[in-house]
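See below for the structure under consideration.
The sequence lines fix the lettering, A, B, ..., with proteins before strands; numbering per chain opens at 1.
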Number of protein chains: 2
Amino acid sequence: MEFAAHGFEAASTRSIAAAADTQQPQINYHFESKEALWKAALDHLFDRLDESMRRHAAALPAPVTARDRLAVTVRSFVHAAAELPELNRIMVHESTVPSDRLRWIVDRHTRPRFELVATEWRAARATGEVPPIDESVLYYSLVGAASLAYVNAPEAELLGYNTLDPAFIVAHADALVLTFLPAPISEPQRPVREGTTT
Amino acid sequence: MEFAAHGFEAASTRSIAAAADTQQPQINYHFESKEALWKAALDHLFDRLDESMRRHAAALPAPVTARDRLAVTVRSFVHAAAELPELNRIMVHESTVPSDRLRWIVDRHTRPRFELVATEWRAARATGEVPPIDESVLYYSLVGAASLAYVNAPEAELLGYNTLDPAFIVAHADALVLTFLPAPISEPQRPVREGTTT
DNA sequence: GTCTATAATTAGATAGAC
DNA sequence: GTCTATCTAATTATAGAC
């Protein structure tokens, strides 16, 4: 993906067309503009992200507690980030400077997904199953921890590590569950239910 | 910084010159090429990273154990990442695709810093003070967790969070120490010294 | 050293043949 | 729908006046 490798401005419609084995004017025939092509590419990548996360979640044991649900989300996201490095590459390319494109992504794709993780985190916080970390701090720490190894795969390769090796990906998912969702030491506090006295 | 905001290719020498209140040809007068300017900018940013980390480390309690030393490194890096978002922005822009520029950065700047963290991590692993996580997994998880909130600050702003707020930065550093360097539950295993019997 | 003018190349988008 | 040719604007780098 040219947009993932070079960013929106530096990705030329000529190289995008060449990668698709066609000619540059075909882009303006099939899409209204370079930006319309970019938006279509992002909608497609986010669809693939959702599909990848659902597929990996289905392969994991069914969660029972709120912490279990987060563990499934974390493991699924690590696997999806490894499977779709292009998406997180585009996200960091676009998120470094305010723009209409960034507002479009955040409104359409980022905010609903952030709210999903924040809601899961609040549920696990309420039962004392996870460490006392604010949801915004948690979100950026977790997403960054889960995605950089794949976003920066060419750099890791030069350091001598193949982060796309399935063994790396599984070790990575294990490590993030171990660190962000450690097994609770004390008994998890049950949420206080109405009408129940302790 | 135009390179941080748009990446090498998309940053025009005209806008760089305009930001420095001068004319575009001045760049080719003072530097051999656009790439030479970029290399000078990166050398300068890495110097500032080292200075920032030293300054923040000096403001923290002196470390005793290997885990303490890592905690100082983590806290200093979080503060430096917040202070210098441009550097990590350039790093993700450049690390997504193999290039001569990427090789230049890795050889000159990334590898020595990676080895430093890996060495500190191995020392703490040997005494059982930190979780059983491979150094490559740890490196990308930690750097990603520490930098994304500042790399993606414009995105966080649209989600309603000011990640450059000192309160966020401190909570972020606390969270990463809590997760990646939890206080050991069991007594840390002392490394076996030669000539010592237990 | 600093500026204007410009050369050589490449960008996204369009016109029009087939 | 697919192609070649081309338009306008932007790019890096250089030439040369001051």
Side-chain angles (χ1 to χ4, degrees), chain A residues 1-47 86-87 89-109 154, chain B residues 1-47 86-87 89-105 108-109 154:
Chain A
M1 254 284 270
E2 297 293 316
F3 287 136
H6 306 105
F8 179 83
E9 287 108 336
S12 79
T13 54
R14 274 181 174 78
S15 51
I16 294 169
D21 245 314
T22 184
Q23 295 73 34
Q24 181 262 338
Q26 293 294 77
I27 286 169
N28 289 90
Y29 178 78
H30 290 285
F31 298 91
E32 197 182 301
S33 64
K34 182 183 176 181
E35 186 163 317
L37 165 67
W38 178 88
K39 287 183 175 176
L42 256 84
D43 281 345
H44 180 64
L45 280 169
F46 273 103
D47 279 349
E86 301 90 353
L87 178 56
R89 282 173 188 159
I90 292 178
M91 291 304 291
V92 288
H93 274 131
E94 295 294 336
S95 300
T96 57
V97 70
S99 73
D100 287 339
R101 290 197 305 277
L102 178 57
R103 271 182 290 278
W104 181 88
I105 306 180
V106 169
D107 288 342
R108 192 178 173 92
H109 295 294
Chain B
M1 253 287 270
E2 296 293 316
F3 287 137
H6 307 103
F8 178 82
E9 288 108 336
S12 80
T13 53
R14 270 181 176 77
S15 50
I16 295 169
D21 245 313
T22 183
Q23 294 74 34
Q24 180 262 339
Q26 294 293 78
I27 286 168
N28 288 90
Y29 178 77
H30 289 284
F31 298 91
E32 198 182 302
S33 65
K34 182 183 176 180
E35 186 164 316
L37 166 67
W38 178 88
K39 287 183 175 176
L42 257 85
D43 281 345
H44 179 64
L45 280 170
F46 272 103
D47 280 349
E86 301 90 352
L87 178 55
R89 283 173 188 159
I90 292 178
M91 291 303 291
V92 288
H93 274 129
E94 294 295 335
S95 299
T96 57
V97 70
S99 73
D100 287 339
R101 288 197 307 276
L102 178 58
R103 271 183 289 279
W104 181 89
I105 305 182
R108 191 177 174 93
H109 295 294

Between [N] ([atom2]) and [X] ([atom1]): distance, integer Å:
{"X": "Arg14(A)", "N": "dT14(C)", "atom1": "CZ", "atom2": "P", "answer": "14 Å"}
{"X": "Gln24(B)", "N": "dT11(D)", "atom1": "CD", "atom2": "P", "answer": "9 Å"}
{"X": "Trp38(A)", "N": "dA11(C)", "atom1": "CH2", "atom2": "P", "answer": "20 Å"}

Using residues 6-16 of chain A as the side-chain source, report each donor-acceptor pair under 3.5 Å to any protein atom, sequence neighbours left out, with the distance given to one decimal.
unit_1: His6(A); atom_1: ND1; unit_2: Glu2(A); atom_2: OE1; d: 3.4
unit_1: Ser12(A); atom_1: OG; unit_2: Ser15(A); atom_2: N; d: 3.0
unit_1: Ser12(A); atom_1: OG; unit_2: Ser15(A); atom_2: OG; d: 2.9
unit_1: Thr13(A); atom_1: OG1; unit_2: Gln24(A); atom_2: NE2; d: 3.4
unit_1: Ser15(A); atom_1: OG; unit_2: Glu2(A); atom_2: OE1; d: 3.4
unit_1: Ser15(A); atom_1: OG; unit_2: Ser12(A); atom_2: O; d: 2.9

query: Which residues in residues 5-12 of chain B have at least one heavy atom lying under 4.0 Å from any atom of DNA chain C?
result: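 The stretch gives none, as no residue of it lies under 4.0 Å from the strand.
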- prompt: Between CG of Asp43(B) and CD1 of Ile105(B), what distance do you get to the nearest 0.5 Å?
  reply: 10.0 Å
- prompt: Which residues satisfy the ring pair (Phe, Tyr, Trp, His ring centres under 6.0 Å) test with His109(A), sequence neighbours excluded?
  reply: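 Expected list: Phe46(A), Trp104(A).
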query: Residues from residues 26-36 of chain B sitting under 4.0 Å of DNA chain D, heavy atoms only?
result: Asn28(B), Ser33(B), Lys34(B)
message: Which residues in residues 94-103 of chain B have a heavy atom closer than 4.0 Å to any atom of DNA chain D?
response: none
query: Which of these nucleotides, dT4(D), dT14(C), dT4(C), is closest to any side-chain atom of Gln23(A)?
result: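 Side chain of Gln23(A) sits closest to dT4(D).
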With Ala36(B) via side chain to side chain contact (heavy atoms under 4.5 Å, CB included) - residues at least two apart: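 Partners of Ala36(B) under the side chain to side chain contact (heavy atoms under 4.5 Å, CB included) test: Phe31(B), Glu32(B), Ser33(B).
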- line: Across all chains, not counting sequence neighbours, the side chain to side chain contact (heavy atoms under 4.5 Å, CB included) partners of Pro154(A) are Arg89(A), Pro98(B), Leu102(B)
message: Using side-chain heavy atoms (C-beta onward) and a distance below 4.5 Å, is Met1(A) in contact with Ile90(A)?
response: yes
field: Side-chain heavy atoms of Phe3(B) within contact of Leu37(B), under 4.5 Å
entry: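 SC-SC contact between Phe3(B) and Leu37(B) confirmed.
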List in chain and number order the residues that pass salt bridge (charged side-chain N to carboxylate O under 4.0 Å, His left out) with [X], two or more places apart in sequence or in another chain; answer none if no residue qualifies.
{"X": "Asp47(B)", "answer": "none"}
{"X": "Glu94(B)", "answer": "Arg101(B)"}
{"X": "Asp21(A)", "answer": "none"}

